[in-house]
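So that the names make sense, note that chain A is the first sequence line, chain B the second, and so on, each numbered from 1.
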Amino acid sequence: DTGVSQDPRHKITKRGQNVTFRCDPISEHNRLYWYRQTLGQGPEFLTYFQNEAQLEKSRLLSDRFSAERPKGSFSTLEIQRTEQGDSAMYLCASSLGSGADTQYFGPGTRLTVL
Amino acid sequence: SQQGEEDPQALSIQEGENATMNCSYKTSINNLQWYRQNSGRGLVHLILIRSNEREKHSGRLRVTLDTSKKSSSLLITASRAADTASYFCATGLKAAGNKLTFGGGTRVLVKP
């Protein structure tokens with residue numbers, strides 16, 4: 001257990017539905033990252049926050065995706081109008097920032113879109 | 001897109017043998033991190049090596065970094081069945097918020 005938690009661990013939804021995932025980072029970590037991993041591939045960066053500010057979004061993050069980190073604590077990732085291509089493992093990671101670069105990953109949320 | 005390639009893509013060894021996997025990357029980095037992932041689980045951080053370091057050890061793990069060749073290697077000595085997992089290298093650049101760019105991974109099977 002790295003100290004980063006994600007909820008839910010698994011989500012099965014029908015195409016067109018909206019889903020929301022939550023990530024709770026290690027409490028003193030001010031950086032929070034979201035990645036997506038498809039079967040047999042390495043994770044790919046989606047977006048990251050420094051405290052409550054979203055500083056970068058990947059081109060992978062279409063308009064259907066939105067992420068928030070209110071108050072610089074937990075973060076949510078919402079996918080609207082899900083498509084079958086959204087099926088993947090969504091991973092959250094946190095780090096202290098300020099030169100402390102190790103990222104600690106949560107267990108992930110596995111999304112299956114039917 | 002993936003930063004680079006990991007070699008080999010898959011590795012099968014007997015318990016007690018050493019396992020070596022390599023990672024190549026394409027752009028400038030500040031650090032390179034190795035992670036382990038058991039099937040369907042999250043990533044476990046193994047070791048971080050900074051761009052001004054050449055070698056690092058942690059228990060049975062040894063990591064090297066050659067920035068001139070843009071490559072790194074991970075050696076697991078005296079492997080155990082519990083080392084069976086996928087291993088990923090990931091590069092970070094401070095100017096890019098240290099977002100990690102991962103390779104495709106090496107799937108390691110350690111047979112008892």
Side-chain angles (χ1 to χ4, degrees), chain A residues 1-7 9-10 23-26 29-51 53-61 88-112, chain B residues 1-10 21 23-27 29-53 56 58 63 65 72 74 85-107:
Chain A
D1 184 0
T2 62
V4 179
S5 61
Q6 292 187 245
D7 183 67
R9 295 289 303 277
H10 302 273
C23 171
D24 285 88
I26 296 170
H29 284 189
N30 55 41
R31 284 201 175 166
L32 186 148
Y33 302 81
W34 285 98
Y35 296 85
R36 181 171 70 187
Q37 184 180 27
T38 53
L39 205 60
Q41 302 294 315
E44 292 182 293
F45 168 79
L46 293 178
T47 188
Y48 89 98
F49 294 83
Q50 171 90 18
N51 299 313
Q54 187 174 18
L55 296 186
E56 186 174 346
K57 294 194 291 186
S58 161
R59 58 179 170 76
L60 293 176
L61 221 61
M89 174 81 91
Y90 290 83
L91 295 160
C92 172
S94 70
S95 72
L96 267 173
S98 302
D101 299 319
T102 299
Q103 291 186 26
Y104 297 90
F105 281 78
T109 294
R110 181 166 296 284
L111 173 67
T112 301
Chain B
S1 61
Q2 308 282 279
Q3 159 75 293
E5 298 296 323
E6 293 189 55
D7 172 53
Q9 291 188 338
M21 59 209 85
C23 164
S24 62
Y25 57 92
K26 297 173 184 172
T27 62
I29 64 170
N30 291 120
N31 64 78
L32 186 145
Q33 306 184 41
W34 284 91
Y35 287 86
R36 184 186 74 227
Q37 186 177 39
N38 291 90
S39 181
R41 309 289 292 273
L43 284 86
V44 175
H45 184 263
L46 296 177
I47 200 163
L48 179 151
I49 186 165
R50 299 195 185 282
S51 57
N52 60 354
E53 297 175 311
K56 238 177 157 176
S58 176
V63 166
L65 178 63
S72 175
L74 171 66
S86 290
Y87 292 82
F88 294 93
C89 69
T91 55
L93 185 65
K94 283 192 195 306
N98 203 43
K99 65 184 180 190
L100 294 178
T101 305
F102 284 82
T106 294
R107 277 149 279 282

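- Note: Leu43(B) CG to Thr2(A) OG1 = 10.0 Å, rounded to the nearest 0.5 Å.
- Side chain of Tyr35(A) to main chain of Leu100(B): a donor-acceptor pair is present (N/O by atom type, distance under 3.5 Å, no hydrogens or angles).
- With chain B as the partner, the residue from Arg110(A), Arg9(A), Gln37(A) showing the most heavy-atom pairs under 4.5 Å is Gln37(A).
- Taking the six-membered ring where the residue is Trp, His45(B) and Tyr104(A) present tilted rings, their angle falling between 30° and 60°.
- Taking each heavy atom of Asp101(A) and Asn98(B) in turn, the nearest pair found is O-ND2, 3.1 Å.
- For Gln9(B), no part sits under 4.5 Å from any heavy atom of chain A, backbone or side chain.
- Looking at Leu91(A), only its side chain comes within 4.5 Å of chain B, counting heavy atoms on both sides.
- The local environment of NZ in Lys56(B) is crowded, with over 12 non-hydrogen atoms from other residues, nucleotides or ligands closer than 6.0 Å.
- Listed here is the closest heavy atom pair of Ala96(B) and Tyr48(A): O-CE2, 4.3 Å.
- For Gln37(B) (side chain) and Gly42(A) (main-chain N/O), no donor-acceptor pair under 3.5 Å exists by modelled atom type.
- With a 4.5 angstrom heavy-atom cutoff, Leu48(B) touches chain A only via side-chain atoms.
- The choice from Gly97(B), Gly42(B), Cys89(B) that makes the most heavy-atom pairs within less than 4.5 Å of chain A is Gly97(B).
- When all heavy atoms are compared, the tightest approach of Gln103(A) to Lys99(B) is NE2-CA, 4.3 Å.
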